[in-house]
Amino acid sequence: MRGNSEGKLRQGKSRMWRTDGRRTNDTRRTGMIRNAICCVIMVALLFAQALPVNAMTVYESDGIYHDEGYIFVGESHAVKSAIAFGDKASVLGNSLLLGNGETLTYELRWDDSVAVTPEGDANTFTMKGNLFFVFEGIAWGTDGAMQSSTDYIYSDGKGKQGRAVQKIHEIIDKNPNIAHWNIISMHGASAAGKGKAAADSCASSYKNWVAYEFPQADCYFLSVATMIKYYRRIPDKKVYNNTLAAAFPDAFLDYTDFYEERNPDRLVDTNHWDDATYIDLLTDVILQIGQRRVSQDTITQMQEILYTNDTCVIYSEPSLESTIILPACEKGIPILVTGRTGNGFYQISLGGGVYYILETGLTADIGE
């Protein structure tokens, strides 16, 4: 039941002692009752700590095979994106055909089956398909505070995880029918206003996403629209985006121009966009990821001996975010190059294995 106010607690008498210093029988009974209540509360608290927090976002599997899956992680922007895509998908049979021929499957149920806000509004978001959104809910005093913190996306690379990281693992574990995952963080609306320390904290956690949490997935990090009115008092509006761009040169998705073109006409308040903007934004992100995937997978075959230089680094995959096999090489070592990728790497054969070196790390002349 809901109400606008709670009943006031009645005040007991302040004098509970007899003049001889001994308690009355009623006072003894009151003390016993209080002790019993305290014990019940302590037990309840212990059980509460052991029980999981009610999930506002619930993830299911549609049981259908998908080559690619997409997980967007964020704060209120992720909430609004989830709802905007849910509304669009519901009138299209929960299936969205993209311009590159790829199909997104997305079904959203928004109800009060698990949780409601303090005001009694529906706060349960159940999703399935090959598109998912990670956030807490729409109770801004509680959900908003949690999902806006840098702790939400935290990973120490040793097993300590924020709620968002746990939810990503939950989605992946519940959807073995999805062959490959693309994880896109649109988190940072709050961190972008808190200076370099917050930006560095996010970058550190994201590095552990790539190396430890989700090594088989492709992780991307979306720029924050810090040119809008919401950030007008921030002295260094570019520090967050610049920090992530430097940390993830291949995985940072810079949408500054996209935001500029729509600012302020497509804003519905000082920070949030209209539904069409979120749909346009995330659709373009998915298409861009698809283009990068095709580019990375395209390899032009070749057979040539090239030589290492002082910038040579050997990677497990044609990506700067992949595992580094060898961080440095002696200059002038001959390397058998067997191909060239569409995103600027040489494919090499070394010790019976296939590895990758940026094109700038090899030269045609041993003396260069």
Side-chain angles (χ1 to χ4, degrees), residues 53 55-59 68-86 104 106 108 125-138 140 143-157 160-175 178 180-192 198-199 201-225 240-241 243-244 247-248 251-255 271-273 278-279 281-286 288-289 321:
V53 178
M56 282 75 171
T57 41
V58 181
Y59 305 108
E68 302 291 334
Y70 300 90
I71 302 172
F72 285 86
V73 183
E75 302 136 277
S76 54
H77 291 299
V79 178
K80 292 183 72 65
S81 297
I83 296 171
F85 266 89
L104 289 180
Y106 179 61
L108 172 69
F125 297 82
T126 304
M127 304 170 216
K128 65 180 178 180
N130 67 335
L131 174 64
F132 297 91
F133 295 89
V134 170
F135 54 86
E136 287 302 300
I138 60 171
W140 302 122
D143 300 338
M146 179 183 291
Q147 63 201 18
S148 297
S149 169
T150 56
D151 291 341
Y152 192 59
I153 52 94
Y154 179 76
S155 168
D156 67 352
K160 188 174 182 180
Q161 305 162 334
R163 288 267 289 169
V165 180
Q166 294 170 359
K167 286 175 179 283
I168 298 170
H169 279 295
E170 179 187 348
I171 293 169
I172 293 173
D173 291 344
K174 287 187 175 181
N175 287 271
I178 296 178
H180 177 258
W181 289 98
N182 303 275
I183 302 167
I184 307 100
S185 178
M186 56 193 303
H187 191 272
S190 178
S201 175
C202 290
S204 177
S205 290
Y206 289 148
K207 287 178 181 178
N208 290 326
W209 283 26
V210 173
Y212 175 80
E213 301 288 354
F214 315 109
Q216 303 304 317
D218 289 331
C219 296
Y220 299 91
F221 310 99
L222 193 61
S223 64
V224 175
Y240 182 83
N241 289 335
T243 298
L244 291 192
F248 306 99
F252 180 70
L253 304 177
D254 189 356
Y255 273 80
N271 190 27
H272 301 100
W273 308 92
Y278 288 112
I279 291 172
L281 173 64
L282 271 59
T283 299
D284 194 81
V285 166
I286 293 171
Q288 185 179 153
I289 290 172
E321 272 67 56

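Just so you know, these numbers come straight off a predicted model, no measurement behind them. For the numbers below, each heavy atom of this structure counts, side chains included, while hydrogens, waters and symmetry mates do not.
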Taking the side chain as every heavy atom from C-beta outward, state whether K167 and Q161 have any pair of such atoms under 4.5 Å apart. no
Evaluate H169 against F214 for ring pair (Phe, Tyr, Trp, His ring centres under 6.0 Å), listing each step before the verdict. CA-CA 8 Å; H169 279 295; F214 315 109; 4.6 Å; yes
Side chains of S185 and Y206: do they bring a donor and an acceptor to under 3.5 Å? yes
Distance in Å, E68 CD paired with W181 CH2, rounded so as to fall on 0.5 Å steps: 10.0 Å
Measure the spacing between NE2 of H187 and CD of Q147 and express it to the nearest 0.5 Å. 7.5 Å
Would you say the side-chain atoms of S223 pair up with the backbone N or O of Y255, donor to acceptor, closer than 3.5 Å? yes
Hey, mind stepping through F72 and V285 against side chain to side chain contact (heavy atoms under 4.5 Å, CB included) and telling me if it holds? CA-CA 10 Å; F72 285 86; V285 166; 4.0 Å; yes
I289 and I184, any side-chain heavy atoms less than 4.5 Å apart: yes
Could you check whether the rings of F85 and Y106 sit parallel, tilted or perpendicular, using 30° and 60° as the cut-offs? perpendicular
Donor-acceptor contact below 3.5 Å, side chain E75 vs main chain A189: yes
Please tell me if the side chains of F221 and V210 come closer than 4.5 Å, counting only heavy atoms from C-beta onward. yes
Side-chain contact test, heavy atoms from C-beta onward, threshold under 4.5 Å: evaluate it for S149 versus Y154 and give yes or no. no
Any chance you could measure L131, atom CG, to I171, atom CD1, to the nearest 0.5 Å? 9.5 Å
Contact check, side chains of M127 and F133, non-hydrogen atoms, under 4.5 Å: yes
Any D173 side-chain heavy atom under 4.5 Å of Y59 side chain: no
Would you check if the side chain of W209 reaches a backbone N or O of I153 as a donor-acceptor pair within less than 3.5 Å? yes
Mind checking the OG-OH spacing from S190 to Y240? Nearest 0.5 Å is all I need. 10.0 Å
Compare all side-chain heavy atoms of F132 with those of N175 and state whether any distance is below 4.5 angstrom. yes
Please enumerate all residues that pass ring pair (Phe, Tyr, Trp, His ring centres under 6.0 Å) together with F252, with sequence neighbours excluded. none
Test side chain to side chain contact (heavy atoms under 4.5 Å, CB included) on I183 and V134; report intermediate values, then the result. CA-CA 10 Å; I183 302 167; V134 170; over 6 Å; no
If you round to the nearest 0.5 Å, how far is CG of N241 from CG of L253? 11.0 Å
With F135, the ring pair (Phe, Tyr, Trp, His ring centres under 6.0 Å) member among W140, F125, Y152: F125
Judged by atom type as modelled, is there a donor-acceptor pair below 3.5 Å linking the side chain of N182 to the main-chain atoms of A217? no
Give a yes or no on whether the backbone of H77 and the side-chain of Y278 come within a donor-acceptor separation of less than 3.5 Å. no
Under a 4.5 Å cut-off applied to non-hydrogen side-chain atoms, are N208 and V165 in contact? no
Separation of I138 CD1 from K80 NZ (nearest 0.5 Å): 10.5 Å
Sequence neighbours excluded, which residues qualify as salt bridge (Lys or Arg N to Asp or Glu O under 4.0 Å) partners of E213? none
Intermediate values then yes/no, side chain to side chain contact (heavy atoms under 4.5 Å, CB included), L222 and L281: CA-CA 10 Å; L222 193 61; L281 173 64; 4.2 Å; yes
